[in-house]
Structures are given as structure tokens and as C-alpha cells.
Trainee: 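Got a structure here, written out as C-alpha cells. Questions coming.
Chain naming here is simple, since letters A, B, ... match the order of the sequence lines and numbering starts at 1 in each. The figures that follow rest on heavy atoms only: side chains count, while hydrogens, waters and symmetry mates do not.
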There are 2 protein chains.
Amino acid sequence: MSSDDVTGQAADGPRRRDAAATRRALLLAARTRFTRLGYDRTTLRDVAADAGVNLALIKRYFGSKEGLFKAALAETPRFLGGTGEFPRGRAALAEALSRQLAAGAWAEFGEHPVLMLLRDSGDEQVAQLRRRALAEFGRQVLEASGGSSAPDAELRAELLVALGVGVAVVRSAVGLRPLADATPEELLGPLHDIVEGLLGPPSD
Amino acid sequence: MSSDDVTGQAADGPRRRDAAATRRALLLAARTRFTRLGYDRTTLRDVAADAGVNLALIKRYFGSKEGLFKAALAETPRFLGGTGEFPRGRAALAEALSRQLAAGAWAEFGEHPVLMLLRDSGDEQVAQLRRRALAEFGRQVLEASGGSSAPDAELRAELLVALGVGVAVVRSAVGLRPLADATPEELLGPLHDIVEGLLGPPSD
DNA sequence: CCACCAAGTAATCATGCGTTGACATGATCC
DNA sequence: GGATCATGTCAACGCATGATTACTTGGTGG
């Protein structure tokens with residue numbers, strides 16, 4: 001039913017007997033399908049086909065569909081804030097946010113990590129990972145905004161996280177325009193205003 | 001597998017031979033399960049059980065699972081902005097937003113309409129409805145904010161929509177705290193600042 | 001060259017779930 | 001009170017899909 005070629009990935013060269021390569025190919029295909037279609041609408045047969053690999057190898061390398069999903073999900077936090085911290089200061093924060101939200105900064109990952117992070121298999125462990133990743137993202141925003149001045153500083157930082165999540169969803173999943181078409185440059189001004197408004201007068 | 005009693009709805013009185021009532025019961029159960037579990041993880045058997053109704057009646061009243069989903073979805077726009085417009089003015093906008101985002105204003109609907117609206121069955125018609133509903137919500141925000149002063153006023157209004165979507169997702173689906181626990185009152189201040197910052201100095 | 005093991009393949013199983021059609025039953029009207 | 005139709009019940013089918021097992025292939029080390 002849903003075996004449309006969602007990725008243009010299959011049919012690589014005659015890559016034979018390369019365990020690491022098949023693992024990578026499976027992960028890439030899984031990421032793509034899970035992100036675009038969600039957990040349930042992603043079938044292992046389609047993933048295997050995209051990767052140009054036999055279905056049974058998914059069991060060999062990842063144990064189960066859930067295992068494959070978790071493996072694909074485990075990569076996302078790296079792409080959220082990167083390992084490095086955010087730059088300090090409001091203006092830099094707004095710029096970093098607008099780039100992360102609107103740019104194709106996800107090129108390496110292939111899809112939008114936030115959307116992948118929001119995908120749900122029903123597993124509680126997955127929900128925890130998601131919560132942790134977004135909480136960490138919130139912490140980074142809080143730090144970048146210059147420490148905590150207001151008592152609700154944490155709440156305000158998480159509102160920025162929520163904004164990020166909402167923008168990702170509305171752009172990629174919903175396709176609301178003009179938001180979906182906005183470039184990082186067009187987003188920068190409004191986001192700057194939000195950050196300034198939300199975080200209030202600099203505390204330092 | 002997923003036949004936990006997600007709603008406490010079954011086993012009403014001996015309501016026998018009341019077509020309208022069974023339709024209503026089915027819609028309520030469907031709304032609940034679709035919103036919490038999504039399209040695929042919602043089984044018709046569970047919906048029927050929740051409603052205390054025979055499985056085959058879903059076919060009778062809604063034709064198919066897709067039909068049931070669309071019927072449940074068709075109710076959501078009513079609960080987004082209500083039929084009435086938003087109150088005019090920035091402060092009123094912020095207040096309305098914070099109430100809609102954090103309050104149990106969804107009591108009548110039973111679940112959070114935004115989350116239901118984000119659920120996907122894969123049907124293109126559904127995607128259109130979702131886009132339309134959110135676009136309409138954006139239009140209302142734009143009007144409430146006092147017409148269009150800036151050239152990117154539309155974009156800014158949609159950013160508020162995205163914020164609403166993000167807050168709904170992060171609160172109900174992700175459970176990020178303290179955001180998830182915040183009361184409408186606690187949300188009001190930060191939201192007011194966002195609205196003021198985003199919409200800039202009043203144009204009138 | 002042979003033996004061995006990882007890598008890959010093919011076929012099948014098991015089952016959850018949407019769908020369907022034939023049947024039962026209660027109300028309403030003449 | 002019986003005909004009739006809407007409402008509700010029951011049992012079953014068929015298919016998609018995740019899982020699994022037995023088998024084949026190819027490279028590598030002795």
C-alpha cells in the first residue's frame with residue numbers, strides 16, 4: 001500500500017557483504033520513513049527495500065522494529081543543539097534559532113530531527129528519551145539567554161522550545177504558508193522580537 | 001494489546017435502539033482514542049468497546065475507519081477559535097491564547113482539539129482540512145492583533161499559531177515540565193510578552 | 001584448498017485488524 | 001396483531017505485516 005519510493009536511495013552499487021554499510025543504509029532509510037510516515041505507517045519491508053537490503057537483516061542488526069526505531073531515534077539529540085552549546089546572548093540565540101528552524105541545517109541527518117523526535121512507537125522508554133532531549137534543549141536555551149533573572153525563566157525557556165517544536169511541525173508536517181516557505185532571513189526578525197519580548201530586559 | 005480502558009466510558013445504562021446516542025458515543029470514544037493514540041494505534045474494536053456498542057455499527061454509521069476519523073476530525077475547528085472571533089487588542093489576544101493553551105477549555109470536546117487536528121490518517125483530504133483550520137486560526141490571530149502593519153504580519157501571526165501548536169504538543173504529548181504543569185495564570189505573563197514582542201508597537 | 005563463520009536470502013508462520021454479509025430484534029404504523 | 005424497516009448482533013474472511021527459521025554464499029585464515 002505505502003510502498004511508494006519515498007527516498008531515492010535503493011539500488012546502490014553491488015555493495016556485497018559489508019555489514020557496516022548495510023547497517024548504515026538501514027538506519028538512513030528508517031530515519032527517512034519514520035520521520036515522514038511515523039512508526040506505524042512505516043513497514044519493515046519498505047525500509048529494507050529502500051536500503052536495498054533483505055528484510056531479515058533488520059532482525060539481525062536491530063532485533064525488531066522497535067529496536068530499529070530506537071536506534072534511529074538515538075541519533076537525533078546529536079542534531080538538536082549539536083554537542084556544542086548555544087552562543088551566548090539574545091541576538092545570537094535568535095539567530096541560532098532561526099537558522100535551526102528554517103535552514104537546511106539538517107542536511108546531514110536527512111530529515112528534521114525534531115519531527116523524528118516527536119514520532120511515537122508507544123514505548124515508554126521512547127517517551128522518556130524525547131522528554132530528556134527537549135528538556136536538555138530547554139536548558140541550553142536558558143543558559144544562552146543569559147542565566148536566570150526571572151523566577152519563571154525556566155518556563156520562558158521552555159516556551160521557546162515549544163515554539164521550535166511548533167514551527168517544525170507547522171512547516172514540515174502541516175505546510176502552513178507563508179510560514180512553511182519562509183527563509184531563515186525572513187524568520188530572523190520576528191524570532192528576534194519574540195526572544196527579546198520573552199526574555200525581557202537583559203539581566204546583566 | 002492496546003485494549004486498556006483509556007476512557008471510563010463503557011457500560012452506560014441499557015441505552016437500547018437509540019441511533020443518535022450510539023453515534024454520539026462512537027464519536028466521543030473515537031475522539032478520545034484517536035487523539036491519545038493516533039490513527040493507526042486506534043482499533044475499531046476498542047472504540048466500539050469504549051462506546052459500549054457493536055463493532056459493525058461503525059460501518060453502518062461511518063462507513064469505514066477513515067470515515068469515523070474524518071467525522072471526529074470535522075468537529076475540531078469548532079473548538080479552535082470557537083465560531084466567534086477573537087477579542088481585539090494585544091492584551092486580550094494574549095489572555096485568550098493563554099486560556100486556550102493551558103486551560104481545560106477543552107472540557108466539552110473531551111481532548112485537546114489541536115492534538116486531534118495533528119493526527120494523521122494519511123488521507124490528503126485530512127491534510128487539507130488541517131491546513132485550512134490552522135490557516136483560519138492564523139487569520140483570526142492576525143485580525144485580533146489589529147490589522148496588518150508590517151509586511152510580514154501574516155508570518156508573525158502564523159508564528160503565534162506555531163507557538164500554540166508547539167505548546168499543545170509539548171504539554172500534552174511530551175509532558176515537558178514546568179511547561180506541562182503551568183496554569184493559565186502562570187502562562188499569561190510570558191505569552192503577553194511574546195505577543196507584544198512579536199506584533200511590535202501598536203499600529204493604530 | 002578446505003573449513004568455518006559472518007553476511008545475506010527465501011519462504012513461511014502467526015496474528016491483529018478492517019471489513020463484510022447474513023441474521024436477529026425491537027419499535028412503529030395501519 | 002402482523003408487516004416492515006431501522007437498529008443491533010454474530011461469525012467469518014482476507015490481507016498486511018512483524019517475526020522467525022532453515023538454508024546459501026562468500027570471504028578469510030590455516
Side-chain angles (χ1 to χ4, degrees), chain A residues 1-4 6 9-27 29-30 33-34 37-72 119-123 126, chain B residues 1-4 6 9-27 29-30 33-34 37-72 119-123 126:
Chain A
M1 189 233 292
S2 64
S3 34
D4 317 317
V6 143
Q9 299 165 7
D12 292 335
R15 180 195 65 237
R16 285 162 59 159
R17 304 244 147 182
D18 185 341
T22 53
R23 245 191 86 99
R24 251 182 289 118
L26 279 174
L27 271 179
R33 285 205 112 95
F34 280 137
L37 270 14
Y39 185 82
D40 296 281
R41 305 182 65 80
T42 294
T43 76
L44 295 186
R45 282 172 173 82
D46 285 346
V47 170
D50 284 355
V53 142
N54 190 285
L55 168 62
L57 293 181
I58 294 179
K59 178 196 170 75
R60 179 188 299 284
Y61 291 115
F62 301 98
S64 66
K65 185 180 189 181
E66 189 72 35
L68 177 63
F69 182 72
K70 285 181 182 166
R119 291 311 189 178
D120 187 31
S121 71
D123 189 296
V126 165
Chain B
M1 188 232 291
S2 65
S3 34
D4 319 319
V6 144
Q9 299 164 8
D12 292 335
R15 179 196 65 237
R16 287 162 57 158
R17 304 243 149 187
D18 184 341
T22 50
R23 246 192 86 99
R24 252 182 289 118
L26 278 173
L27 271 179
R33 285 205 113 95
F34 280 136
L37 270 16
Y39 184 83
D40 296 280
R41 305 181 67 79
T42 294
T43 77
L44 295 186
R45 283 172 173 84
D46 285 346
V47 170
D50 284 355
V53 143
N54 190 284
L55 168 63
L57 292 181
I58 294 180
K59 177 195 168 76
R60 180 186 299 286
Y61 290 115
F62 301 98
S64 66
K65 185 181 190 181
E66 189 71 37
L68 177 63
F69 182 72
K70 284 181 183 167
R119 291 310 188 177
D120 185 30
S121 70
D123 189 294
V126 165

Trainee: Would you mind telling me which of dA19(D), dC17(C), dG8(D) lies closest to the side-chain atoms of T43(B)?
Mentor: dC17(C)

Trainee: Can you measure from NZ (K70(A)) to OG (S121(A)) and round to the nearest 0.5 angstrom?
Mentor: 6.5 Å

Trainee: In whole Å, I'd like the distance from the NZ atom of K65(B) to the P atom of dT20(C).
Mentor: 14 Å

Trainee: Nearest whole Å is fine: how far is dT17(D) P from L37(A) CG?
Mentor: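 Whole-Å distance recorded here is 11 Å.
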
Trainee: Any side-chain N or O of T22(B) less than 4.0 Å from the OP1 or OP2 oxygen of dG8(D)?
Mentor: yes

Trainee: Using atom CG of L57(A) as one end and atom C1' of dA11(C) as the other, report the distance to the nearest whole Å.
Mentor: 15 Å

Trainee: What contact category does K59(B) fall into here, base, sugar-phosphate, or nothing, at under 4.0 angstrom with non-hydrogen atoms?
Mentor: base

Trainee: dG18(C) phosphate, OP1 or OP2: any side-chain N/O from S64(B) under 4.0 angstrom?
Mentor: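 False: S64(B) side-chain N/O out of range (4.0 Å or more) of dG18(C) OP1/OP2.
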
Trainee: So which nucleotide from dA19(D), dG21(C), dA7(C) ends up closest to the side chain of A56(B)?
Mentor: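 Closest nucleotide to the A56(B) side chain: dG21(C).
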
Trainee: F34(B) vs Y39(B) aromatic rings, parallel, tilted or perpendicular, using cut-offs 30° and 60°?
Mentor: parallel

Trainee: Closest nucleotide of DNA chain C for L55(A) versus for R60(A): which of these residues is on the 5' side?
Mentor: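 Closest to the 5' end, via its nearest nucleotide, is R60(A).
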
Trainee: Let me know the distance between CG of D40(B) and C1' of dG18(D), rounded to the nearest Å.
Mentor: 15 Å

Trainee: Ignoring the backbone of R45(B), work out which of dA12(D), dA6(C), dA19(D) is nearest its side chain.
Mentor: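 Nearest to the side chain of R45(B) among the choices is dA12(D).
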
Trainee: May I have the distance from D18(B) (atom CG) to dG8(D) (atom P), rounded to whole angstrom?
Mentor: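 One finds 7 Å between P of dG8(D) and CG of D18(B), rounded.
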
Trainee: Using whole Å, what does the distance between atom C1' of nucleotide dA16(D) and atom CG of D46(A) come to?
Mentor: 11 Å

Trainee: Of the nucleotides dT7(D), dA7(C), dG18(C), which one has an atom closest to the side chain of R17(B)?
Mentor: dT7(D)

Trainee: Quick check for you: among dC10(D), dG8(C), dA19(D), whose closest atom lies nearest to any side-chain atom of L44(A)?
Mentor: dA19(D)

Trainee: About how many Å separate NZ of K59(B) and CG of N54(B), when rounded to the nearest 0.5 Å?
Mentor: 13.0 Å

Trainee: How many angstroms lie between atom CD1 of I58(B) and atom CG of L44(B), to the nearest 0.5 angstrom?
Mentor: 4.5 Å

Trainee: Round to the nearest Å and state the distance from N54(B) atom CG to dA22(C) atom P.
Mentor: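 Rounded to the whole Å, the gap is 17 Å.
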
Trainee: When you check the gap from the basic side-chain N to the acidic O, do D120(B) and R41(A) get nearer than 4.0 Å?
Mentor: no

Trainee: Rounded off to whole Å, could you give me the CZ-to-P distance for the R41(B) and dG16(C) pair?
Mentor: 14 Å

Trainee: dG18(D), dA7(C), dG8(D): which one has an atom nearest the side-chain heavy atoms of Y61(B)?
Mentor: dG8(D)

